[in-house]
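Letters A, B, ... are given to chains in the order of the sequence lines, protein chains preceding strands, and every chain is numbered from 1.
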Amino acid sequence: MSASSDNLLLRVEGLQKRFGDNVVLAGADLAVPRGSVVTVMGRSGTGKSVLLKCLANVIAPDAGRIWFDGRLLSADDPKSRAEFRQRCSFLFQSNALFDSLTALENVGLPLEQTTDLKDREIRERAMEALRQLELDAHAGSYPSQLSGGMQKRLALARAIVTRPELVLFDEPTAGLDPLRRNAVFSMIAKYQRQFSFTAVIVTHDVPEALAASDRLALLDNGRMCFEGTSAEFAASTQAVVRGFRDSAAALAGSLAAIRRGEDIHSDDA
Amino acid sequence: MGDYALFTGESFRAVPGARRLMRRVVRAGLEQGVRCLPVILIVGMFTGLVLGLQGYYVLNRFGSETLLGTLVSLSLIRELGPVLAALMLVGQAGSALAAELGIQRNSEQIAALETMGVSSHGYLVTPRLLAALVVFPMQTALFVTIGLWGGSLSGSMLLGLEPGVYWSAVERAVEMPDVRECFTKAVVFGLLTVSLCAYHGFNAHRSRGATGARAVSAATTRAVVLSSILVLAADYVITSFLV
């Protein structure tokens, strides 16, 4: 899938964001083809989540342009923003579930507040989403009564219940064990195909991202230093890409050296 | 100040676009009303009891204890009822509102609403504001009624004043402008305090020098203190216009 095609659902150009003196995004670009899974990776604190929140309009960027379905999203054009919100869902790293609402009410909330569906239809669609995520037995439970993995699935159920065209995932596997990580990526891939939405995922998990993504982007120093397919990422000789891609092998090497009693120098703990 | 005014304006501007608003208003009204009912009843009763006791001894010095009903009813209806009921509501419902919104801000629930295309003002603040316009006058009326019974209990049952004398003095003293003043104050206090508490909770993340749980705590404290001061200041302004 080529990013240069005209079939882009989302295009970001020169996005900038700073917090005080800390420049987080220094002109980030991103191209997201329609119907694809694009994963944005990068070290902690490089601005991946900020990029996603700028896309979702949770944080206002200082500069840069975002096109959604060929239309420029502008702060001066609330209509384009409103339309974008209707067609896009955001899955927060913290899940951002309403702790005073049950699982069913959480999933039904976007339908209740953005559609004219009747209560019965909302309930049916919310239950259907819960069933798809194997949470129907917990429809009456509050988020605090669910495990971390269940909460993640509940957040995903809420994100897909409105049948969005674009779903933004902010570190969907943060804090999960390897089996759950695989399950979450499989789940994203499964529902991405089932509902044909476009996904932008922010993650640290290189092997899972390589397996589940159509395209990968690597954010470094506030800019995209790599954008391409999984195969291109795997074959890249760029130092930053290699450092990120081969981090597991590097860790194994470091550990082996520690066991041998050698000094290890790390520039990034 | 300007930011607070914009926040309140935004909450009212969200009324036309808010879906299933009536349902949320009723729920917010029940929450505010039920949460505050015990404290309104207890404080109202004791306020009436103390007013009856103090008033009786003061009036007795001038041989005017038959005017106890007048003193208790006008004090309660014009001043103490609306002011004390509002302060109780701030302490109970206002603090809870500020803390709840602060936690929702911290846990990104408010941001989640915005990403869903749901107006966070319309969903979280507007129903509470509209509910306050009904709950504050109702709770004030309850406070005044219980207070009048408290005054009767002190004056008649404890100090020997004829109940008929007390209640006929109440009936003679209270006129429609007094009731109107009472409800005007209740509505204004409800609007000011709920919007101020909501404003501070909603913007808890902007607390200076505090983050996380501490920011919520600071926002809640600020909301309660400023709301209480605002009630007394607004009381003075309204009284000076209506008296």
Is atom [atom1] of [X] surrounded by more than 12 heavy atoms (other residues, nucleotides or ligands) closer than 6.0 Å?
X	atom1	result
A:Arg87	CZ	yes
A:Phe19	CZ	yes
B:Arg35	CZ	yes
A:Arg71	CZ	yes
B:Met138	CE	no
A:Trp67	CH2	yes

**OP:** Taking all non-hydrogen atoms of both residues into account, name the closest pair between B:Arg19 and A:Gln113 and its distance.
**Re:**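 Here B:Arg19 and A:Gln113 meet closest at CD-O, 3.1 Å.
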
Mind ranking [options] by heavy-atom pairs under 4.5 Å with chain B and telling me who comes out on top?
options	value
A:Pro110, A:Ser100, A:Cys88	A:Pro110
A:Asn95, A:Asp119, A:Ile59, A:Val58	A:Asp119
A:Thr115, A:Leu91, A:Thr162	A:Thr115

Interface moiety of [X] toward chain B, non-hydrogen atoms closer than 4.5 Å:
X	result
A:Ala82	neither
A:Ser94	both
A:Leu55	neither
A:Leu168	neither
A:Phe98	both

In Å and rounded to the nearest 0.5 Å, what is the [atom1] to [atom2] distance from [X] to [Y]?
X	Y	atom1	atom2	result
A:Asp99	B:Ile103	CG	CD1	7.5 Å
A:Thr114	B:Leu113	OG1	CG	11.0 Å
A:Lys53	B:Glu114	NZ	CD	14.0 Å

Original post:
Counting a contact as any heavy-atom pair under 4.5 Å apart, which residues of residues 104-111 of chain B contact chain A?
Top reply: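 Expected list: B:Gln104, B:Ser107, B:Glu108, B:Gln109, B:Ala111.
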
Original post:
Taking it one step at a time, do A:Asp116 and B:Arg20 satisfy salt bridge (Lys or Arg N to Asp or Glu O under 4.0 Å)?
Top reply: CA-CA 10 Å; A:Asp116 291 322; B:Arg20 295 170 167 87; over 6 Å; no

